[in-house]
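Report on the structure given below.
The structure presented is a predicted model; accordingly, all values stated were derived computationally and were not measured.
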Amino acid sequence: MKLLLLTLTVLLLLSQLIPGGTQRCWNLYGKCRHRCSKKERVYVYCLNSKMCCVKPKYQPKERWWPF
């Protein structure tokens with residue numbers, strides 16, 4: 001019985017210490033965060049007012065349309 005209680009306690013603590021997954025954005029290529037890493041750029045904002053951090057290779061290319 002003590003072993004069961006100890007196991008449940010450890011699992012509960014681990015579930016609190018391990019960070020959960022972040023919300024995904026931009027066709028699942030980006031992550032909603034407060035700060036982007038050095039290799040990421042902000043392209044849009046998430047619904048929870050965080051920045052959608054996307055690697056530049058997944059962002060759409062800018063096209064200059066001649067008029």
Side-chain angles (χ1 to χ4, degrees):
M1 185 68 174
K2 288 184 180 182
L3 183 61
L4 178 64
L5 186 59
L6 179 65
T7 304
L8 290 175
T9 305
V10 169
L11 289 176
L12 180 66
L13 287 174
L14 284 177
S15 68
Q16 297 297 319
L17 295 177
I18 298 172
T22 58
Q23 183 181 1
R24 301 302 296 231
C25 56
W26 194 251
N27 296 329
L28 301 178
Y29 289 120
K31 294 181 182 179
C32 297
R33 299 181 182 158
H34 288 291
R35 295 178 114 186
C36 295
S37 69
K38 292 180 181 179
K39 297 179 181 178
E40 296 174 333
R41 290 191 303 193
V42 178
Y43 187 70
V44 293
Y45 284 90
C46 298
L47 296 175
N48 57 3
S49 71
K50 293 181 182 178
M51 297 178 284
C52 182
C53 301
V54 183
K55 292 182 180 179
K57 69 179 182 179
Y58 295 122
Q59 291 183 357
K61 308 286 187 273
E62 290 185 27
R63 295 185 185 180
W64 296 100
W65 298 98
F67 291 105

Listed partners of Pro56 passing side chain to side chain contact (heavy atoms under 4.5 Å, CB included), at least two apart: Arg41
Run the side chain to side chain contact (heavy atoms under 4.5 Å, CB included) check on His34 and Lys50 step by step: do they pass? CA-CA 5 Å; His34 288 291; Lys50 293 181 182 178; 3.4 Å; yes
Quick one: side chain to side chain contact (heavy atoms under 4.5 Å, CB included) partners of Cys25, sequence neighbours excluded? Cys32, Cys46, Cys52
Considering residues, nucleotides and ligands other than Leu47, do more than 12 of their heavy atoms fall under 6.0 Å from its CG? no
Locate the shortest heavy-atom distance separating Val42 from Met51; write the atom from each residue and the value. CG2-SD, 3.4 Å
Trp26 ring center near Tyr43 ring center (under 6.0 Å): yes
Can you hop from Val54 to Tyr45 via hydrophobic side chains spaced under 4.5 Å? no
Considering all heavy atoms, the nearest Asn48-Gln23 contact: ND2-OE1, 3.0 Å
Going by an N to O cut-off under 4.0 Å, is there a salt bridge joining Glu40 and Lys31? no
Hey, is the main chain of Gly30 close enough, under 3.5 Å, to the side chain of Arg24 for a donor-acceptor pair? yes
